[in-house]
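Keep in mind that the numbers below use all heavy atoms, side chains included, and drop hydrogens, waters and symmetry copies. Chain letters run A, B, ... following the sequence lines, proteins first, then strands; residues in each count from 1.
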Amino acid sequence: MFHKNIIYIAQLSSVGLVGYGLGQYTSKFKENRDENSLIINGKTVRNMPGLPIFGTVSAAAPFTDSGTTKDRISQIMKYGFPSLDNVRSYDDFVLSYDRRNRVPHWVFEHITKAHIAKNDQVDRSKCDFMPDDSIHPFFKSQNSDYKGSGFDRGHMAAAGNHRIAQKHVEQTFFLTNIAPQVGEGFNRHAWNRLEKHVRKLTKVYDNVYCCTGPLYLPRKESDGKSYVKYQVIGANTVAVPTHFYKVVVGEAPDGSLDMEAYVMPNQKIPEETPVSSFMVPPETIERAAGLLFFDKLHRSKLNRINGKKL
DNA sequence: TTTCCTGT
């Protein structure tokens, strides 16, 4: 499988090279323990906080497989990283992994017409959900955590957004890109409609930038106090988010930029509910998630937020 | 169509 080609350069690089397929004991050596590290295709390219990420890449770890990987990541992350906690990059999306909750903090995609065009070479049914062995066993989710839980393994970067290559769609099935979602009425319906809406934006915008992730929102209980309460599933106690968000920016052919932001509760949603009814101010999501979206995008360049002229 | 599940 392609993920076995990944070479880990960590503190114990020789172990990382030899340790493949030897199970959980050796895999713990592959985890990079530096919170501020950035791993690009399995290579640690940055482990000093505060250094410019892409300025450091070429000096620290020259890419042997041409410069295209770096270019693609720069393109996906053009408008900034929402945070820098356990960043992982794949061929067509980038994510930050939440080791405490065993789901992503955020997943970033850059989507164009070409990425979602019909492609007979790409077959979703050939894909399998799989654990990402670049995550330390303490923090890694497994298929067994989801089995029998009653929750779907819901994609954050949607499989349907990565149809340029079979390898790309396969990588969306890494469990680092997955969170527990209510299946009936949510993942398979309302959330799927939101994903389709985002794909449709490529008809209007040349470039669509999409950030997706979970939320754990407080709820007032009968004692009048607010609590954050969420279920955990499986032996690895994977968190079941209370809500999910999407923050999307579209770049029009004339260069103008529009933003849309959505929050949906992780529950059965009535069929007739329009996608637009889940729009929220992006700042609400930033405050709730502890993230800053499109930080490098000057707000003065934004034409509209949630369809409203600024 | 795309999102998944379980049972065989």
S.K.: Side chain of A:Arg153, heavy atoms from C-beta onward: which of B:dT2, B:dT3, B:dC5 has the nearest atom to it?
M.R.: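 The nucleotide sitting nearest to the side chain is B:dC5.
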S.K.: How many whole angstroms separate atom CG of A:Asn143 from atom C1' of B:dC5?
M.R.: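 Taking atom C1' of B:dC5 as the reference, CG of A:Asn143 is at 13 Å.
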S.K.: Given atom NZ of A:Lys200 and atom P of B:dT2, what is their separation to the nearest angstrom?
M.R.: 12 Å
S.K.: What I want to check is whether the side chains of A:Arg72 and A:His110 have a donor and an acceptor closer together than 3.5 Å.
M.R.: yes
S.K.: Side-chain donor or acceptor of A:Asp152 under 3.5 Å from a matching atom on the base of B:dT3?
M.R.: no
S.K.: Checking side-chain polar atoms at under 3.5 Å, does A:Thr176 have a donor or acceptor matched by the opposite partner on A:Arg88?
M.R.: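 No, A:Arg88 and A:Thr176 have no side-chain donor paired with an acceptor closer than 3.5 Å.
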S.K.: Between A:His168 and A:Tyr90, is the gap from one ring center to the other below 6.0 Å?
M.R.: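 No.
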S.K.: Take atom CD of A:Glu271 and atom C1' of B:dT3, then tell me their distance rounded to the nearest Å.
M.R.: 13 Å
S.K.: Could you state the atom-to-atom distance from CG of A:Leu194 to C1' of B:dT1 in whole Å?
M.R.: 16 Å
S.K.: A:Asn161 or A:Gly148: which one's nearest nucleotide on DNA chain B is closer to the 5' end?
M.R.: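 That would be A:Asn161.
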S.K.: Figure out the CD1/P separation between A:Ile116 and B:dT1, and round it to whole Å.
M.R.: 15 Å
S.K.: Is it true that, when you exclude A:Glu221 itself, more than 12 heavy atoms of the residues, nucleotides or ligands shown sit nearer than 6.0 Å to its CD?
M.R.: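 Yes, enclosed.
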S.K.: Name the closest nucleotide to the A:Phe129 side chain, picking from B:dT3, B:dT2, B:dC5.
M.R.: B:dC5
S.K.: So for A:Lys196 and B:dT1, does any side-chain atom that can act as donor or acceptor lie under 3.5 Å from a complementary atom in the base?
M.R.: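 A donor-acceptor contact between them is present.
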S.K.: For A:Glu184, answer base if it contacts any base atom (sugar-phosphate contacts may also be present), sugar-phosphate if it contacts only those atoms, and nothing otherwise; contact means non-hydrogen atoms under 4.0 Å.
M.R.: nothing
S.K.: Need one value for A:Gly183: base, sugar-phosphate or nothing, where a base atom within 4.0 Å counts as base even if backbone is also close, heavy atoms only.
M.R.: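 Since no nucleic acid heavy atom lies under 4.0 Å of A:Gly183, the category is nothing.
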S.K.: Quick one: are the ring centres of A:Tyr230 and A:His243 less than 6.0 Å apart?
M.R.: no
S.K.: When the distance from NZ of A:Lys147 to P of B:dC5 is rounded to whole Å, what number comes out?
M.R.: 9 Å
S.K.: What is the separation between atom NE2 on A:His189 and atom P on B:dT3, rounded to the nearest whole Å?
M.R.: 13 Å
S.K.: Hey, does A:His155 reach any base, or is it just sugar-phosphate, or nothing, if we go heavy atoms under 4.0 Å?
M.R.: sugar-phosphate
S.K.: Kindly state whether the ring of A:Phe293 and the ring of A:Tyr245 have centres lying under 6.0 angstrom apart.
M.R.: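 Yes; A:Tyr245 has its ring centre under 6.0 Å from that of A:Phe293.
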S.K.: Which class fits the ring pair A:Phe294 and A:Tyr79: parallel under 30°, tilted 30 to 60°, perpendicular over 60°?
M.R.: tilted
S.K.: Determine the contact category for A:Arg163: base if any of its heavy atoms lies under 4.0 Å from a base atom, sugar-phosphate if only primed atoms, P, OP1 or OP2 are that close, otherwise nothing.
M.R.: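 Sugar-phosphate, backbone atoms only, no base.
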S.K.: Figure out the CZ/P separation between A:Phe186 and B:dC5, and round it to whole Å.
M.R.: 14 Å
S.K.: Any residue in residues 101-115 of chain A with a heavy atom nearer than 4.0 angstrom to DNA chain B? Just list them by number, or reply none.
M.R.: none
